[in-house]
Structure formats: C-alpha cells, structure tokens
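To start, the structure itself, in structure tokens.
Order of the sequence lines fixes the chain letters, A, B, ..., with proteins taken first and strands second; residue numbering starts at 1 for each chain.
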Number of protein chains: 2
Amino acid sequence: MTESERVPAERKRRRPTSSGVVLSADLIVDAACELIDAQGAQAFTVRKLGAALGADPSAVYRYFRNTEDLLLALADRLIGESMAGFGPSGDWAADLRELGMRAYRSALRHPQIAVFSTVRVTGRPHEQRAVDTGVGLLLQAGFDEATAVRHYHALVDTALGHAALDAGVLRLAPAQRAADEQAWQAQYGSLPADEYPSLHRVREHLPLMAGSAVERALDLLVAAMRREAAERGE
Amino acid sequence: MTESERVPAERKRRRPTSSGVVLSADLIVDAACELIDAQGAQAFTVRKLGAALGADPSAVYRYFRNTEDLLLALADRLIGESMAGFGPSGDWAADLRELGMRAYRSALRHPQIAVFSTVRVTGRPHEQRAVDTGVGLLLQAGFDEATAVRHYHALVDTALGHAALDAGVLRLAPAQRAADEQAWQAQYGSLPADEYPSLHRVREHLPLMAGSAVERALDLLVAAMRREAAERGE
DNA sequence: AGGTTACGTCAACACCGTTGACACAAGGAT
DNA sequence: ATCCTTGTGTCAACGGTGTTGACGTAACCT
C-alpha cells in the first residue's frame, strides 16, 4: 500500500526535467506542501503541481499511482512534522491533550489531507511512532490494553474530525465568511422567546459558537479519562 | 443567504421540462438526495443530477446559485430528518448523546454535506430547532448560559467531525477497504517490541481502531459533562 | 560502445461546474 | 381572443480537472 510497492524505492535513472529539475518522490511532496500552503487546499491540482515543479503534470504518475496516493504520502509527512519536538511532560493527561492539539493543528494546516490521514493506514514510520506514543501515555496512566487503544482512537479521531470540520471554514473566502457571521447574528440574535426559549435565553453567548470547539472537546475528553483513571486507581 | 433571496419563493411560470417533469427547488433536493444515496457522494455531479431529473443540468442554476447553495439546502433537510421523532427522555445526558448520534448518522448518510452543515449558517427552521433543543437540555442540567453554549458546540462539532472523518471510509471501494485493513494488520501486527513497546503490548487490541470512535468519544464527552454538573450541584 | 529501459513529454479522453444566448410557452393585461 | 412580457428550459461553449498510452531519449549497466 505504500508507494514503494508501486515504484522502486531507489531510482537509478535520474533524468532531469526539461526545466532542469531532477524529480523525486520527496521533491514532489515538498512542492505539493508549498502549493497547498501558498494557494490553499482548493488550489491543489496535479496540473498546477506539475507547473510548480517545472515538469509535465503526468510525470507525477511515475512516482505515485494517483493523487490519493500522493496525499497519503503527504499525510505521513504531516504526522511527522506535528510530532517534532514533542516530549512527555510527566502529566499524561496534559500530554494527551497536547498530542491531540498537534494532530489538529497539522491536519488543519492542510485540510485536504486531514481526511486521508485517518481513513487510510499509511503504516509508515511517523504514524507508528505517534500511535506508540499516545497509547504509551494511556498505558502509563493505568488503563488496560483494550481501553488504552479505544481512548487513543477516540482522542485522535476527535482532534482530526474537528480539523476536517474547521477546514471548511478556511475554504470560504474571507468576505463570505464575514457575511455568514453577520447573517448568523441576525438570524439567531432575535428569535421569539416563546418558540425558542433556550436559544433566547442564551442569545448573548451565541458568538461563542463562532470559533472552533476542539480545545473544549479535548478538555472534556481528557477530563473524563483522568476521572476514569483516578477511579480505577482507587 | 437562503435560496429564496436569489429566486422568488413562489414560481408562477411552471414550464415542464422536455421529459415532462415540472421542476421545483424541493424536487431538485429530492433528486440530489436520492442520487447521493444510490451512487455515493462521490458520484454527485450537477450533470448527473440533471440526467436524474430528466432535465438539462443547467436548469438547476435557475433554482440555486451554484452547487454549494444546493448542498446548503440539502443540509437543512438533513438536520430536519435527523431530528424527526426525537423526544427528551428525562435523562439530559442520555438525550444529549442521542442528539449527537442523530447528527452523526444523518451527516454520515450524505458525507459531502457534512462539512457544510456546520460551516455555513443555514439559519433555517430545522437548524434553529435543533440548537434550541440541545442548549435547552444543558440549561436544564444546571449549566449557566455560556457553558451550555460551549458544551453544545463541543458535542455537536465532535459528532459532525467524526462523521466527516468516517465519511472518507465509505468513499473507498469495498475491495480497497478490505485491502487496507489487511495492510493494517500486517504493518502493525508485528512491530519490534524494542522500538515500539506500547504498540507491541496492545497489538492484539489494535483491530479496535478499525471502526468509528464516535460512540466512545460521545460517551466520554457526556461523562465529563455529567460529572461537571454533579459537582456544580453540590 | 551498445542495449535496455526508466522516465519525462505530449496528446488525447472523458469528465467536471458554470455561463450566455436563445427560443418558447405561460400568464397577465387589454 | 390577442398581444406582450418574462420566466425558464435548452443548447453550445469555455476553461478547468484527473488520468492514460504512445513515444523518444538519455542514463545506466555490461
């Protein structure tokens, strides 16, 4: 399932492209990353990737079976980046939260990829390292094997799920985003108290729903785990 | 922001299409729903929608500004469907969990739409009703206004985030899904104990990560809220 | 020096969303 | 009953997309 199955990991014939660049899987992933960073995920296309590389778009298919395969490679790089410099602090719960936030941030940075990184098993080093770290924290907290796996799964998927969601916001043009927020205020700010009693009561606090809920969701998850571990230890 | 701004809500000139169908915004949303259900979200295109309707694809643009607009209309219908028949049981925490699962299921049914339903403010009746219900449960539990809004936000976004994530799995062809799962077993099942100690220890339980983590995530969230409410009440 | 072949290039295919021009029938007005 | 306006379905077209197969050439191995 890795691209090395499809293509020999080491290349012998390195032939420069017409513009002089010598291609490689790594270089292509680099370019894809930059492209997404600079132009937004929406702007990522094989053809633009080719242009950015100074090569024919179809050259990409010598290195990756298709675009999904390429995004898969990108995913593992992301995981690696997000884990760089991470060191356990000793508070396993805080570390888990940090792990989740790291996953969230890196996934959000390249929204297109967020979905793939959990759906597909990259099975590559970075992914394995991250899973090992997270599960290790939960084992250290005293959970049994099955529960550790389950809780890790819940935490990471929640972080990545929020990333997938929040990515949608970033895709909107700023102008539209602003217009949407105003529409929100108008729609929800003045609802009849008799039909929507709860909404009416909390109307002043509705702007709280504007941002992302990751942090709060992770806080709640970690709190529940902490409590569970404490009870387990009694 | 609703489509009625763009197009008069009531149409006078109802002209049948060449195949005899009389179009309407509702009918188009119907067809889009069926199309996604039958062929998968990936298969949804304006052109196929036109074919399914027995009309020229471009006729859709008389009713919706663009595809995003159409998906927005679909989103509110989904929210409505998901809330149909919901009645509070008296246990606010269980009800909240149920609310989250309903959001998850309906979003997952039409993955393409999942993202839009939270990103954009539909501001339509169904959405408002759902928010009012959820916030109401939290107020009833004794949370203050701001906390109720925050917790509702976390819960719903988590449910929808997982839906967005899990939607990716459904998009894979069954054969590929199976191949992926096997690759998973192979990659993770036999890792060196010295390099990946935690992974090695839990290796028998890794298949737990195959399915969705929604239920476990929601369980944890609700447990944390329940605990918080209990402490608040003391 | 020669043969193999990996790999960059090119052209083409079948799609996609969206738009502008156009024709025509539905409905209101007379 | 007739005319006019106009809403709306149709058509053709544009510029984009991912992907593929044929092709030639340059890079490596012997």
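In summary, the side chains of B:Ser212 and B:His162 do not present any donor paired with an acceptor at a separation below 3.5 Å, with no hydrogens or angles considered. Side-chain polar atoms of A:Asp166 and A:Tyr104 form a donor-acceptor pair below 3.5 angstrom.
Among the heavy atoms of the strands lying under 4.0 Å from A:Ala55 are primed sugar atoms or P, OP1, OP2 only; no base atom is included.
In this structure, B:Asp219 does not pair ionically with B:Arg216, as no charged nitrogen and carboxylate oxygen lie closer than 4.0 Å. By the 4.0 Å N-to-carboxylate-O rule, B:Asp26 lies close enough to B:Arg77 to be salt-bridged with it.
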Expected string for nucleotides 16-25 of chain D under the B/S/- scheme (protein heavy atoms, under 4.0 Å, primed atoms plus P, OP1, OP2 as sugar-phosphate) is -BBBB-B-BB
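Smallest separation of non-hydrogen atoms from A:Leu99 and A:Ala130: CD2-O, 4.5 Å.
Rounded to whole Å, atom P of C:dT19 lies 12 Å from atom CG of B:Asp69. The interatomic distance linking B:Leu49 (CG) with D:dG9 (P) rounds to 13 Å, in whole Å. Per the geometry, CG belonging to A:Leu23 stands 5 Å off P belonging to C:dG8, to the nearest Å. Nucleotide C:dG17 holds its P atom 11 Å from the CG atom of B:Leu70, rounded to whole Å.
Sparse packing is recorded around CD of B:Glu215, with 12 or fewer heavy atoms of other residues, nucleotides or ligands lying under 6.0 Å away.
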